[in-house]
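As structure tokens, the structure follows; a few thoughts come after it.
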Amino acid sequence: AAGVIQSPRHLIKEKRETATLKCYPIPRHDTVYWYQQGPGQDPQFLISFYEKMQSDKGSIPDRFSAQQFSDYHSELNMSSLELGDSALYFCASSVSGTGIYGYTFGSGTRLTVV
Amino acid sequence: GQQLNQSPQSMFIQEGEDVSMNCTSSSIFNTWLWYKQDPGEGPVLLIALYKAGELTSNGRLTAQFGITRKDSFLNISASIPSDVGIYFCAGQLGGNTGKLIFGQGTTLQVKP
């Protein structure tokens, strides 16, 4: 079965650089969620999109922005990177209105800021 | 804001032993979930709980949703080495948001 695809799997950037993370949801899933997981921490909700519109917002820094495209894939753009942005970034997708049914996480992108 | 308190933080047990971990919250959640995460991978859903008091099993795993919808426990029976990993509880508030609030995680190590 198709899963949530995230790219790249690993990314190394320098401070003050920009990074773009991509997420391709499971086919026919219309909702995408982004989470950030710092070392030894639990995943923290950043932002979500439904039908290309932002549906909810968590503790996402102003330096980060995200969008969902017409094919439902989503991109998380991170600017002026800081050392503290080093983390695993997960994307999850689901079908709106189905609760947790089919809510699936990708394998994540490990971002290292040096 | 909403917060889940998960305990214990870590466990080191012998293969074949039973394991129990729990989560509590000051908030009421619509759905309560238990995930397992392997190093460098995304969380994988183990059990989802929808009704207050619900007791659900999935193989050697058993979880219950508290009557008040503010707590849950996960039991693993007869642990095996592949049970090693980090276990997270998570709550979903329901309504228009599908975001999950995670507990701090329980790191499980199993000695063969």
Side-chain angles (χ1 to χ4, degrees), chain A residues 1 3-6 8-11 21 23 25-26 29-51 53-60 87-112, chain B residues 1-10 21 23-25 27 29-51 54 56 58 63 65 69 72 85-109:
Chain A
V4 177
I5 306 297
Q6 290 189 246
R9 284 299 309 270
H10 302 274
L11 189 60
L21 280 53
C23 169
I26 291 174
H29 280 199
D30 54 15
T31 306
V32 169
Y33 309 84
W34 286 96
Y35 292 83
Q36 178 192 56
Q37 185 177 27
Q41 303 295 313
D42 55 284
Q44 295 288 319
F45 172 74
L46 292 178
I47 196 167
S48 62
F49 291 88
Y50 164 65
E51 286 291 346
M53 298 288 289
Q54 179 182 308
S55 54
D56 200 354
K57 190 174 181 180
S59 49
I60 183 169
L88 271 169
Y89 290 84
F90 291 108
C91 168
S93 74
S94 71
V95 178
S96 176
T98 61
I100 198 60
Y101 181 78
Y103 198 116
T104 305
F105 281 86
S107 295
T109 294
R110 181 177 294 280
L111 172 66
T112 302
Chain B
Q2 298 89 11
Q3 188 173 354
L4 297 183
N5 298 307
Q6 185 172 350
S7 64
Q9 186 175 358
S10 62
M21 57 193 79
C23 275
T24 60
S25 173
S27 301
F29 287 97
N30 197 48
T31 305
W32 204 292
L33 311 148
W34 285 94
Y35 285 90
K36 180 174 184 273
Q37 184 177 29
D38 293 325
E41 296 296 326
V44 175
L45 182 65
L46 298 173
I47 290 181
L49 301 161
Y50 302 98
K51 300 178 183 177
E54 178 181 357
T56 298
N58 178 9
F65 200 170
R69 307 186 78 91
S72 176
I86 303 176
Y87 292 79
F88 289 100
C89 62
Q92 189 178 51
L93 291 168
N96 292 326
T97 179
K99 72 179 181 183
L100 302 180
I101 310 296
F102 284 84
Q104 300 95 330
T106 296
T107 300
L108 177 64
Q109 298 182 61

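Throughout, protein chains are lettered first and strands after them, A, B, ... in sequence-line order, and every chain is numbered starting at 1. None of these values were measured; they are calculated from a predicted model. Values below: all heavy atoms of this structure, side chains included; hydrogens, waters and symmetry mates excluded.
Of the two parts of B/Glu41, the backbone and the side chain both hold a non-hydrogen atom closer than 4.5 Å to a non-hydrogen atom of chain A. Residue B/Gln6: no heavy atom, backbone or side chain, is found under 4.5 Å from chain A. With a 4.5 angstrom heavy-atom cutoff, B/Leu33 touches chain A only via side-chain atoms. Heavy atoms closer than 4.5 Å to chain B are found in the side chain of A/Gln37, but not in its backbone.
Listed options B/Thr107, B/Thr31, B/Leu100, B/Ile86 were ranked by heavy-atom pairs under 4.5 angstrom with chain A; first place goes to B/Leu100. The candidate with the highest count of non-hydrogen atom pairs below 4.5 Å against chain B, out of A/Gln44, A/Gln41, A/Arg9, is A/Arg9.
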Exercise for review: Please lay out, stage by stage, how A/Gln54 and A/Asp56 fare under the test side-chain hydrogen bond (donor to acceptor under 3.5 Å, both in side chains).
Suggested key: CA-CA 6 Å; A/Gln54 179 182 308; A/Asp56 200 354; over 6 Å; no
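For B/Lys51, the side-chain contact (heavy atoms from CB on, under 4.5 Å) partners two or more places apart in sequence, or in a different chain, are B/Glu54. Listed by chain and number, the residues in a ring pair (Phe, Tyr, Trp, His ring centres under 6.0 Å) with A/Tyr35 are A/Phe45, A/Phe105, B/Phe102 (sequence neighbours excluded).
Separation of atoms OH (A/Tyr33) and CD1 (A/Ile47) is listed at 13.0 Å; rounding is to 0.5 Å.
Between B/Phe88 and B/Pro43 the shortest side-chain heavy-atom distance does not fall below 4.5 Å.
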